[in-house]
Amino acid sequence: MKMMRHSVYILVQFLFLMVITHVEEERRVKRRTSQDEDDGSESEEERLRDQREREDLERNIRERDAAATRKLMDPKLSRKEEEEAIRRSKAFKEDDINSLRKVSRQEYLKKREQKKLEELRDEIEDEQYLFDGVKLTEAEYHELSYKKEIYELVKKRTEEDENMGEYKMPEAYDQEGVVDQEKRFAVALQRYRDPTAGDKMNPFAEQEAWEEHQIGKATLKFGSKNKKQTADDYQFVFEDQIEFIKASVMDGDKFDNDLPTESPETSKAKSELEKLQEDRKTLPIYPYRDDLLKAVEDFQVLVIVGETGSGKTTQIPQYLHEAGYTKHGKVGCTQPRRVAAMSVAARVSQEMGVKLGHEVGYSIRFEDCTSEKTVLKYMTDGMLLRELLGEPDLASYSVIMVDEAHERTVSTDILFGLVKDIARFRKDIKLLISSATLDAEKFSDFFDSAPIFKIPGRRYPVEIHYTKAPEADYLDAAIVTVLQIHVSQSPGDILVFLTGQEEIETAEEILKHRIKGFGTKIAELIICPIYANLPTELQAKIFEPTPEAARKVVLATNIAETSLTIDGIKYVIDPGFCKMKSYNPRTGMESLLVTPISKASANQRAGRSGRTGPGKCFRLYTAYNYYTELDDNTPPEIQRTNLASVVLSLKSLGIHDLINFDFMDPPPAEALLKALELLFALSALNKLGELTKVGRRMAEFPLDPMLSKMIVASDKYKCSDEVISISAMLSVGNSIFYRPKDKQVHADNARMNFHTGNVGDHIALMKVYNSWRETNYSTQWCYENYIQVRSMKRARDVRDQLEGLLERVEIELTSNLNDLEAIKKAITSGFFPHSARLQKNGSYRTVKHPQTVYIHPSSGLAQVLPRWVVYHELVLTTKEYMRQVTELKPDWLVEIAPHYYQMKDVEDPGSKKMPKGQEDKRVK
DNA sequence: GAGCACTGC
């Protein structure tokens with residue numbers, strides 16, 4: 001350890017020397033240049049010679065600097081190395097800022113030049129500073145003071161580490177005491193390997209060249225005639241930093257860590273099960289067990305406020321089981337997500353020492369892991385809704401627990417209304433609604449003032465920081481903040497919330513570029529992007545443990561807000577935005593817009609930093625913004641979505657009076673009417689609003705009603721095989737084609753292969769599915785065709801499920817692969833309300849509720865522009881786009897939906913005058 | 001020639 005400190009000292013001295021030598025040389029240059037300035041009339045030759053000399057000088061400095069850098073690279077000194085890199089990087093930063101802010105570089109340099117000149121004039125020769133007996137100018141003095149500061153810092157850290165007992169090498173790929181050069185190299189290699197270059201190439205070549213260049217630039221400043229540059233640089237850097245104000249601390253819940261701890265020997269002697277039972281008693285909920293059971297006995301409905309980590313999801317059902325509630329029926333617990341249902345069930349079965357699927361089971365789509373013996377059943381909320389179709393009074397359940405109710409998914413919202421109703425006529429059923437703190441009152445009010453039962457959780461305090469002033473460019477601000485944290489805060493991973501894939505990709509690019517500016521002299525920063533559409537193998541990266549001395553920065557969408565938790569996050573950066581889907585019932589158009597988040601959401605994000613220890617959250621907006629401009633809660637999904645399938649489910653549950661259905665937050669009446677209107681058009685409902693036979697069959701399918709109708713209609717056209725493939729592909733949505741930024745052309749070409757013959761997007765999707773099936777569901781084939789394997793597997797699952805359901809509604813599985821017209825007619829039977837006609841200017845006009853729309857450029861028909869089309873959905877992005885388009889013949893509309901279209905709707909006044917051969921001239 | 005937050009049945 002003493003050696004460490006000694007070498008620290010040597011290094012700092014070395015640094016001092018270096019700077020002093022710099023200073024000397026700089027002065028020489030300065031003398032030269034000021035002479036030039038005085039002279040004013042230097043000849044071209046003199047100027048050139050001067051320049052050469054200066055260049056020589058600069059090269060010398062640069063070389064020496066490079067040597068110093070190499071010396072700095074000694075692995076034992078990497079802490080200092082880091083500090084040095086920080087200093088150095090501040091000088092590099094200017095470039096990044098320029099390129100980022102897109103300020104004209106010339107303009108910037110000119111301004112700076114002016115400022116320098118002014119400062120030079122102001123400089124008074126006599127005003128010099130003394131440092132170690134050497135006379136210095138102010139700038140030089142600051143430079144050295146800064147170094148000294150670093151020295152102090154390093155010293156302090158070393159001492160701290162000493163006190164901790166063990167000093168760990170920052171770049172700790174090394175074993176104790178031994179430098180594992182190979183390991184280091186492997187890590188570095190992985191970091192810098194250019195995916196496009198072969199292994200033969202020097203993996204560091206690019207990095208080296210760049211560093212060289214940057215060092216050159218940095219030293220150039222010492223040698224240039226602009227004297228006070230160094231000081232100015234720092235000022236500039238500091239100006240760029242974002243100032244945060246620590247405004248509040250989100251309290252962690254207090255909990256004892258001094259629970260009876262046992263020596264390892266005794267716990268080893270115990271069986272696995274006993275140990276788990278012991279663990280259960282350490283959960284915060286345990287002391288409340290008896291009170292809770294008493295409350296459940298006394299009241300039919302109970303709202304439970306349990307913070308994360310309280311153990312409510314795993315324990316409450318077990319307590320109920322132990323108290324004998326399962327004798328008269330199952331205990332059902334709903335979760336908003338599949339993985340949650342699965343993993344919780346697995347955990348509970350372990351704790352109870354039973355096999356998963358026996359007493360404890362779970363039920364999710366595509367996977368029913370329950371048996372006759374099952375008494376504790378975890379399931380997704382949508383699954384319980386499906387079960388309600390077959391068992392409207394939930395007779396086999398004695399307790400229903402709706403977990404994570406505050407998330408307010410469409411399914412939970414509907415469940416609320418239904419279970420409230422069931423509880424009224426089934427006095428023996430118990431309801432537990434678990435939610436977050438904020439909404440508890442609201443839930444209690446909804447359930448006729450049900451009592452609220454609070455359970456503390458385990459959470460660490462989180463410091464909340466706001467910016468001092470609003471940030472104009474939140475992406476840039478987020479990146480700056482990441483770097484700020486990286487160089488100034490103690491170890492711990494960073495989580496940044498961004499809005500979408502594109503933003504994450506740009507942020508990643510900029511960050512990588514900037515890190516290069518820091519060179520190899522700074523602790524490693526591992527960038528992990530995460531969004532739902534990212535291929536699974538790339539997603540796994542975020543769960544890998546961060547190597548010591550490195551820092552992980554996770555760039556995530558909202559997916560990290562609820563759906564997945566990442567260990568080791570200590571810092572959260574919250575720009576305050578997310579993409580939110582909204583639905584306009586009047587036009588039937590969906591849009592996905594970047595919107596400010598709600599307070600609830602902001603707090604949820606902040607909480608993500610306090611899971612494994614005290615955390616910090618940096619909000620890129622002001623405290624004022626937070627209090628005045630953010631809504632308390634995000635509007636529940638049911639108020640901003642297409643209700644067609646909701647209405648169909650409710651109707652098939654026998655609920656006719658939808659306007660008076662007991663919604664906790666009723667959706668807009670207009671949206672309900674629109675849904676009813678659509679279902680009537682699809683003949684799922686009759687004129688009285690009652691479910692028809694067609695409607696009953698449609699409700700069997702867990703799909704959008706238009707897709708269900710398409711399947712029901714396919715019976716008539718004898719092409720159910722093809723149509724369920726298309727339905728499955730459409731229902732997995734728009735994540736089938738993978739389109740990486742750097743290979744867009746290839747991806748587009750691959751996609752266009754499926755569009756040969758201008759068959760339309762629906763048939764193209766079918767071709768994709770069939771081709772994949774022909775290759776025996778090959779993963780390789782997916783890669784070759786830029787198709788996401790995950791989506792295809794999902795499509796296969798959906799298709800299998802649909803195939804099973806066909807039997808239930810008595811539709812024969814028939815294939816009619818070559819009769820495209822039949823398939824298109826089946827599509828039209830489901831999607832006739834979504835028809836559009838070409839206009840003269842290349843845009844389209846929807847037929848029934850006229851509005852101007854366009855074919856989405858990703859469609860195979862975007863260039864073809866057929867005269868009549870049906871579309872799958874309408875989305876508002878930059879324009880009103882139709883996604884997934886297929887051509888149709890107008891008379892089909894009258895043939896298939898005579899109640900919806902009349903001849904006058906589909907007659908084209910312009911077309912009669914236009915000769916057939918000139919159709920293509922119609923568009924420009 | 002545009003861009004797709006996240007779930008769920």
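Since the structure is predicted, the reported quantities are computational estimates derived from the model, not experimental observations. Letters A, B, ... mirror the listed sequences (proteins, then strands); counts begin at 1.
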Return the value, rounded to whole Å, for the distance between atom [atom1] of [X] and atom [atom2] of [N].
X	N	atom1	atom2	value
Leu498(A)	dC6(B)	CG	C1'	15 Å
Gln335(A)	dC9(B)	CD	P	12 Å
Arg808(A)	dC9(B)	CZ	P	16 Å
Arg338(A)	dG8(B)	CZ	P	6 Å
Leu876(A)	dA2(B)	CG	C1'	13 Å
Gln604(A)	dT7(B)	CD	P	14 Å
Ile530(A)	dA5(B)	CD1	P	13 Å
Glu873(A)	dA2(B)	CD	P	18 Å

Pairs satisfying side-chain hydrogen bond (donor to acceptor under 3.5 Å, both in side chains), at least one member in residues 644-653 of chain A, at least two apart: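 Sorted result for residues 644-653 of chain A: empty, none.
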
I want to verify a distance call: between [options], whose nearest atom is closest to the [X] side chain?
X	options	value
Ser858(A)	dA5(B), dT7(B), dC4(B)	dC4(B)
Thr877(A)	dC4(B), dA5(B), dC6(B)	dC4(B)
Pro857(A)	dC9(B), dT7(B), dG1(B)	dG1(B)
Asp748(A)	dA2(B), dC4(B), dC6(B)	dA2(B)
Tyr881(A)	dC9(B), dC4(B), dA2(B)	dA2(B)
Pro702(A)	dC4(B), dC9(B), dG8(B)	dC9(B)

Lys541(A) atom NZ: more than 12 heavy-atom contacts under 6.0 Å: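 Yes, enclosed.
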
Over 12 foreign heavy atoms within 6.0 Å of CD, Gln863(A):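 No, CD of Gln863(A) has 12 or fewer neighbouring heavy atoms, counting only those of other groups under 6.0 Å.
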
Counting the atoms with a prime plus P, OP1 and OP2 as sugar-phosphate, which does [X] contact under 4.0 Å by heavy atoms, base, sugar-phosphate, or nothing?
X	result
Thr878(A)	sugar-phosphate
Phe701(A)	nothing
Met580(A)	nothing
Leu385(A)	nothing
Arg365(A)	base
Arg883(A)	base

Pairwise 5' ranking along DNA chain B for Gly382(A) and Val875(A), keeping only the more 5' one: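 So the residue in question is Val875(A).
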
First of Arg640(A) and Ser731(A) reached from the 5' end of DNA chain B, by closest nucleotide: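 First, find each residue's nearest nucleotide; the 5'-ward one identifies Arg640(A).
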
Shortest non-hydrogen separation from Arg640(A) to Lys581(A) and the atoms involved: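 Closest pair (atom of Arg640(A), atom of Lys581(A), distance): NH1-O, 3.1 Å.
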
OP1 or OP2 of dC6(B) under 4.0 Å from side-chain N/O of Thr557(A):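 Yes, within the criterion.
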
side-chain N/O Thr380(A) vs dC9(B) OP1/OP2, d < 4.0 Å: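 Yes.
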
Heavy-atom donor-acceptor pair, Arg790(A) side chain to Leu534(A) backbone, under 3.5 Å: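 Yes.
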
Aromatic plane relationship, Phe416(A) with Phe443(A) - under 30° parallel, 30 to 60° tilted, over 60° perpendicular: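 Perpendicular.
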
